[in-house]
Amino acid sequence: MIILIVLGAFLLWAVFNLNLPEPEEMREIILGYGWAGFLVFLGITAAIAITPIPITVPALVAGSLYGLIIGTLLSVSGVMLGSWIGYWLARVLGQRLTFQLLGSHGSIVENYLRNAGFWAMCTVRLMPGLPYWPVNYGAGALGIKQYAFISATLLASIPGQFSLVALGAFAANPSVFRGAIVIVAWISVVALTWVSYRYWSRTKRHESDHE
């Protein structure tokens, strides 16, 4: 209960009081740490992935600072670290307390992740508009196997992070080539979401037919 109170207070404080810097401001903060800037970036991204704050800004900054390839690697690494921490926080808190914390997101997460596996995890990760943090906590609370959680999170996070990093790289240094990459990346996100959802839906119907 003490852990829940502290975590809940932190999340509420983060939502209403922690104003994420604009991309240019965050860029300057990271550059101010010199060679250790990438460690600061990883820490910021991981911390944001635990909270209800969107992870869009760090990914855009990664693209403008580190370019497409290195920026994607750093952004995905930060997201993975934060997601894994959130997963284990929920395992510690337990299902009942975690879903009290999730609030309105709880029913959506439970609908997709109850008795779910790899493809369901991919679907919710790729789903537009659903933040990372309720998926992290929901997966841990519902007992999704760690291997399925980590592998699906890694695979499904790459397209979204790549598309955001590509957008940041394009904004920092516009070119036809970078613009084409942004378009292809976002088309890939939509296509992968559709494929994952269709596969998960067929799997769920097949399981229902055999019950």
Problem - Student check: side-chain heavy atoms of I144 and F118 closer than 4.5 Å - result: no
Problem - For T153, all residues meeting side-chain hydrogen bond (donor to acceptor under 3.5 Å, both in side chains), sequence neighbours excluded - result: R125
Completion exercise
Applying side-chain contact (heavy atoms from CB on, under 4.5 Å) to Y87 and not counting sequence neighbours gives R91, A139, Q146, F149
Fill in the blank from the handout: Tightest non-hydrogen contact, residues V135 and L113, listed as O-CD1, 4.2 Å
Problem - Heavy-atom side-chain proximity of V79 to I55 below 4.5 angstrom - result: yes
Exercise for the section: Return the set of residues passing side-chain hydrogen bond (donor to acceptor under 3.5 Å, both in side chains) with W186 (not counting sequence neighbours), or none when no residue passes. Expected result: none
Which atom pairs, one a donor and one an acceptor, fall under 3.5 Å between side chains of residues 41-49 and the rest of the protein, sequence neighbours left out?
| residue | atom | partner | partner atom | Å |
| --- | --- | --- | --- | --- |
| T45 | OG1 | F41 | O | 2.9 |

Exercise for the section: State, without any angle test, whether S75 and Q161 hold a side-chain donor-acceptor pair at a distance under 3.5 Å. Expected result: yes
Would you give me the side-chain donor-acceptor pairs under 3.5 Å for residues 56-67, sequence neighbours excluded?
| residue | atom | partner | partner atom | Å |
| --- | --- | --- | --- | --- |
| S64 | OG | R27 | NH1 | 3.4 |
| S64 | OG | V61 | O | 2.9 |
| Y66 | OH | F38 | N | 3.4 |

Completion exercise
With sequence neighbours left out, the residues meeting side-chain contact (heavy atoms from CB on, under 4.5 Å) with S107 are none
Practice task
Determine whether Y137 and L89 make a side-chain contact, defined as any pair of heavy atoms from C-beta on separated by less than 4.5 Å.
Solution key: yes
Exercise for the section: Could you tell me whether the side chain of L81 reaches within less than 4.5 Å of the side chain of S77, counting heavy atoms only? Expected result: no
